[in-house]
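None of the values given here were measured: they were computed from a predicted structure. As the structure lists them, so they are numbered: ligands from 1, and atoms in each ligand from 1.
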Amino acid sequence: MSIQSFHPPVRTLMGPGPSDVNPRILEAMSRPTIGHLDPEFVNMMDQMKELLRYAFQTSNELTMPVSAPGSAGMEMCFVNLVEPGDKVIVCQNGVFGGRMKENVERCGGTAVMVEDDWGVAVDPQKVEEALKANPDAKILAFVHAETSTGAISDAKTLTALAHQHDCLVIVDAVTSLAGSPLMVSDWDIDAIYSGTQKCLSCVPGLSPVSFSQRAVDVITSRKTKVQSWFLDLNLVLGYWGGGAKRAYHHTAPVNTLYALHEALVILQEEGIENSWARHQKNHDALRSGLEAMGLSFVVPEGQRLPQLNAVSIPDGVDEAAVRSALLNEYNLEIGAGLGAMAGKIWRVGLMGFASNQTNVLFCLGALDAVLSGMKAPVHSGVAVAAARAVYG
Ligand SMILES: *Cc1c(COP(=O)(O)O)cnc(C)c1O
């Protein structure tokens, strides 16, 4: 047997990530690999930090990409800020809050859980009660955009509450960055991580992070060593923060960093406010089409993420068969439910480059055809027109 080169099919990616990658980014990625200590590469890294500060809307000095996916950014925040014995209040309203709890416990900390139903925002009142009941808590951790359910939480209010009670915050912005308003410095967020494959529409594999001075002070005055060598910020900074005297820590994923640089240049060209507005507009059109079809949203209005649309599956419909038909006949990927939502919802992503009018109309047309063909209880033939009406 001789194995041939791999040629993936061309899909439209409208799931929970990865999202469609802008061809400019793929082209950037194919440029020549150079050394990760090459002065030209170091210049590119400096630009990258500047571009990331723009994406996060922050002036934080310590802003950079971690050389691994979003989960590593999450882990970097927890392993550097949580020491054995620390108490962390963790909000859970979906899958990713559960991973935060797991991180706290693996760092030797204690997680105090604030639970909300899956599909709604984190309730600030419950958080305030937990902060009052746990005056010794050091950190409040929450997910800004819960990709497993499509709910957005009020990061500004939650951060202000934490600071009133002398807690730092760790925020998961993997799906919110570039898709929903996020102002890291204005809102005074201490530690935040994201991913490249959601609303930045870059290839997967990197995790932008940013830390406030308050967080840096806590990290540099730790009593114990960070248990992860790879994610220890004190060491990583020798490379990313080293100025002219950069030291080898690990080999940077050179070409993937070219990709992120290009993604951030594209974001800067569009303007971040315009990117937020585009995500909202395409969500409005998709919502109009889905509702005309008779499908209903899981998350209450006002708490919905524009970039991740969770809809209930109509009665009697084989949800996996629908996703297979979309993939096989239309080369269109939408997401299944995750965790407690498995089998109950579809997750239609409109992230980054994938958030455009063509995709919205294509997805609605395909879903309409597949569901109608299965005799599902939906109104057929009206979704596309309802979405077009939103675009005017
Ligand atoms: C996707 C996602 C992650 C994990 O990112 P990976 O790149 O898959 O490791 C974490 N949190 C949220 C909210 C996500 O959507």
Asks: Can you confirm, on distance only, whether ligand 1 has an N/O atom lying under 3.5 Å from any N/O atom belonging to Tyr193?
Replies: no
Asks: Is ligand 1 under 4.0 Å from a heavy atom in the side chain of Ala145, in the backbone, in both, or in neither?
Replies: backbone
Asks: At a 4.0 Å threshold, what atoms of ligand 1 neighbour a non-hydrogen atom of Gln197?
Replies: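 Those qualifying, in numeric order: 6 (P), 7 (O), 8 (O).
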Asks: For Pro16, state whether at least one heavy atom is located under 4.0 Å from any atom of ligand 1.
Replies: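 Not so, Pro16 does not reach ligand 1.
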Asks: Can a side-chain donor-acceptor contact be found between Ser180 and His144 if the only test is distance below 3.5 angstrom?
Replies: no
Asks: Side chain, backbone, both or neither: which part of Glu146 comes within less than 4.0 Å of ligand 1 when only heavy atoms are counted?
Replies: neither
Asks: Examine ligand 1 and decide if any of its atoms is less than 4.0 Å from a heavy atom belonging to His144.
Replies: no
Asks: Which of the atoms in ligand 1, numbered in the order shown and given with their element, are less than 4.0 Å from a heavy-atom of Thr175?
Replies: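 So the answer, numbered in order with elements, is 15 (O).
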Asks: With distance as the sole criterion, is a donor-acceptor pair present between the side chains of Ser355 and Asn282 under 3.5 Å?
Replies: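 There is such a pair (donor and acceptor under 3.5 Å, judged by atom type) between the side chains of Ser355 and Asn282.
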Asks: Can you report which non-hydrogen protein atom sits closest to atom 3 (C) of ligand 1, along with the distance?
Replies: Phe96 CE2, 3.5 Å
Asks: Do NZ/NE/NH1/NH2 and the carboxylate oxygens of Glu50 and Arg53 come within less than 4.0 Å?
Replies: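 Answer for the salt bridge query: yes.
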Asks: Tell me, please, which residues at least two apart from Glu61 pass salt bridge (Lys or Arg N to Asp or Glu O under 4.0 Å).
Replies: none
Asks: Name the closest protein heavy atom to atom 4 (C) of ligand 1, giving the residue it belongs to and the distance to 0.1 Å.
Replies: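 Among all protein heavy atoms, the one nearest atom 4 (C) of ligand 1 is Ser71 OG, 3.7 Å.
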Asks: We want to know whether Ser324 and Asn328 form a side-chain donor-acceptor pair, criterion being a heavy-atom distance below 3.5 angstrom.
Replies: no
Asks: Examine His163 together with Trp187 and report whether their ring centres are nearer than 6.0 Å.
Replies: no
Asks: Taking the hydrophobic residues Ile, Leu, Val, Met, Phe, Trp and Tyr, and joining any pair whose side-chain heavy atoms are under 4.5 Å apart, which ones share a cluster with Ile25?
Replies: Val21, Leu26, Met29, Val203, Ile266
Asks: Against heavy atoms of Gly70, which atoms of ligand 1 measure under 4.0 Å?
Replies: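 Numbered from 1, ligand 1 contributes 5 (O), 6 (P), 7 (O), 9 (O).
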Asks: Would you say the side chains of Ser212 and Asn60 form a donor-acceptor pair under 3.5 Å?
Replies: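 Ser212 vs Asn60: no donor-acceptor pair found between side chains.
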Asks: How far is atom 11 (N) of ligand 1 from the closest protein heavy atom, and which atom is that?
Replies: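 Of every protein heavy atom, Asp172 OD2, 2.7 Å lies nearest to atom 11 (N) of ligand 1.
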Asks: Can you see whether Asp284 engages Gln280 through a side-chain donor-acceptor pair at a distance of less than 3.5 angstrom?
Replies: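 Yes - a donor-acceptor pair under 3.5 Å links their side chains.
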Asks: Would you mind checking which non-hydrogen protein atom is closest to atom 15 (O) of ligand 1, with the distance to 0.1 Å?
Replies: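 So the nearest neighbour among protein heavy atoms is Thr147 OG1, 2.3 Å.
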Asks: Looking only at distance, does Val143 have an N or O less than 3.5 Å from an N or O of ligand 1?
Replies: no
Asks: How far is atom 2 (C) of ligand 1 from its nearest protein heavy atom, and which residue and atom name does that atom have?
Replies: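 Answer for atom 2 (C) of ligand 1: Lys198 NZ, 2.8 Å.
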